Amino acid sequence: NELSISPENDAASVKRYFTSVWQVYEKTFLTLKEDDLSILQNALSKNDLSQLEKLTSIIDAIDAAISGIKKIPVPEGYENFAVKEINYLIRGRRMVEIIKGAKEDPLSALGVLSARIKLSEDLKIFHQETGAQLREKGISFKPNDGAYRLFQ
């Protein structure tokens with residue numbers, strides 16, 4: 001599914017875009033009760049890998065986030081952000097799938113664990129760098145703006 005590009009890339013349009021991205025995350029990830037790593041930790045501590053079925057809700061949230069972000073017209077010049085963001089989500093989804101399969105393939109699940117943690121750190125750095133680039137262009141978000149949290 002292709003991204004749609006908006007020719008409008010003034011500061012207000014860019015702010016609306018990132019606010020919309022944050023709203024997708026609010027509707028997907030912020031509604032989850034647990035993240036994938038806490039589900040895994042819980043399953044291992046209870047020695048009950050059937051708990052990994054809860055990862056389906058994480059995978060569904062990632063799918064919804066990818067779909068939601070793809071639907072938002074990207075301001076011209078910000079396509080790279082959208083592509084990278086979606087790629088981070090796709091890679092994360094694949095890692096969660098591997099972790100979910102720990103019953104059948106525990107070594108792969110353990111092997112992907114550090115990569116999953118690193119991916120989360122890389123995504124946070126990517127968001128911080130994007131926030132800094134936006135500020136350099138005079139585009140910033142107030143702490144009460146939803147998108148402010150995206151760049152923290």
Side-chain angles (χ1 to χ4, degrees), residues 1-6 8-9 11-46 48-75 77-102 109 112-152:
N1 200 342
E2 293 291 314
L3 291 174
S4 84
I5 311 301
S6 168
E8 295 178 27
N9 64 356
S13 298
V14 171
K15 282 185 85 158
R16 273 193 306 276
Y17 170 74
F18 285 106
T19 297
S20 296
V21 169
W22 177 252
Q23 288 168 342
V24 166
Y25 286 152
E26 280 183 319
K27 290 178 196 149
T28 55
F29 299 122
L30 295 184
T31 63
L32 296 169
K33 292 175 180 35
E34 300 176 276
D35 66 21
D36 52 312
L37 298 178
S38 59
I39 291 170
L40 176 63
Q41 183 181 11
N42 209 3
L44 294 174
S45 69
K46 292 179 177 171
D48 179 10
L49 293 183
S50 70
Q51 301 251 334
L52 295 178
E53 281 305 311
K54 292 180 184 176
L55 291 172
T56 300
S57 64
I58 308 289
I59 292 167
D60 292 346
I62 294 171
D63 287 343
I66 291 168
S67 174
I69 290 171
K70 283 182 175 180
K71 290 177 185 166
I72 306 167
V74 182
Y78 291 87
E79 302 90 343
N80 192 40
F81 170 84
V83 169
K84 279 186 162 184
E85 189 76 8
I86 290 166
N87 283 335
Y88 275 114
L89 291 168
I90 291 169
R91 287 170 43 208
R93 183 192 194 288
R94 181 68 192 120
M95 290 175 185
V96 173
E97 285 177 334
I98 291 168
I99 293 167
K100 185 180 175 195
V112 82
L113 197 52
S114 64
R116 177 71 179 116
I117 293 166
K118 182 169 181 349
L119 183 74
S120 294
E121 292 167 357
D122 290 349
L123 181 60
K124 183 176 179 151
I125 291 167
F126 171 62
H127 286 167
Q128 290 169 343
E129 289 171 348
T130 301
Q133 291 164 1
L134 290 170
R135 285 189 296 279
E136 285 172 17
K137 294 179 179 181
I139 302 169
S140 62
F141 297 88
K142 295 180 179 78
N144 59 342
D145 293 333
Y148 179 87
R149 291 178 57 192
L150 190 62
F151 303 114
Q152 294 309 298

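Here the structure is a predicted model, which means the values were calculated and not measured.
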What are the two closest non-hydrogen atoms of [X] and [Y], and how far apart are they?
{"X": "Ser140", "Y": "Arg135", "value": "CB-CG, 4.1 Å"}
{"X": "Lys54", "Y": "Asn42", "value": "NZ-ND2, 4.5 Å"}
{"X": "Val14", "Y": "Asn9", "value": "CG2-O, 3.6 Å"}
{"X": "Ala82", "Y": "Tyr17", "value": "CB-OH, 3.4 Å"}
{"X": "Thr31", "Y": "Glu26", "value": "CG2-O, 3.5 Å"}
{"X": "Gly68", "Y": "Val24", "value": "C-CG2, 3.9 Å"}

Side chain to side chain, [X] and [Y], heavy atoms closer than 4.5 Å:
{"X": "Ile139", "Y": "Gln133", "result": "no"}
{"X": "Phe81", "Y": "Val74", "result": "no"}
{"X": "Gln128", "Y": "Gln152", "result": "no"}
{"X": "Lys70", "Y": "Ile66", "result": "yes"}

Spatial distance of atom [atom1] ([X]) from atom [atom2] ([Y]) [nearest 0.5 Å]:
{"X": "Ile99", "Y": "Arg94", "atom1": "CD1", "atom2": "CZ", "answer": "11.0 Å"}
{"X": "Lys142", "Y": "Lys15", "atom1": "NZ", "atom2": "NZ", "answer": "5.0 Å"}
{"X": "Gln41", "Y": "Glu34", "atom1": "CD", "atom2": "CD", "answer": "10.0 Å"}
{"X": "Ile59", "Y": "Asp36", "atom1": "CD1", "atom2": "CG", "answer": "9.0 Å"}
{"X": "Leu3", "Y": "Ile69", "atom1": "CG", "atom2": "CD1", "answer": "10.0 Å"}
{"X": "Leu40", "Y": "Ile58", "atom1": "CG", "atom2": "CD1", "answer": "11.5 Å"}

_A quick test of your reading: do over 12 heavy atoms of other residues, nucleotides or ligands sit less than 6.0 Å from CD of Glu79?_
yes

*May I ask you to check whether Phe141 and Phe151 place their ring centres under 6.0 Å from each other?*
yes

*Is the backbone of Val21 close enough, under 3.5 Å, to the side chain of Gln23 for a donor and an acceptor to pair up by distance?*
no

*asked:* Keeping Asp35 on the side-chain end and Leu37 on the backbone end, is there a donor-acceptor pair under 3.5 Å?
replied: yes

_Once you measure the plane-to-plane angle for Tyr25 and Trp22, does it fall in the parallel (<30°), tilted (30-60°) or perpendicular (>60°) bin?_
perpendicular

*How are the rings of Tyr78 and Phe18 set relative to one another: parallel (under 30°), tilted (30 to 60°) or perpendicular (over 60°)?*
perpendicular

_Lys124, Arg116, Lys118 screened by side chain to side chain contact (heavy atoms under 4.5 Å, CB included) with Ser120, the one that passes_ = Arg116

*When you check the side-chain N and O atoms of Arg16 and Thr19, is any donor under 3.5 Å from an acceptor?*
no

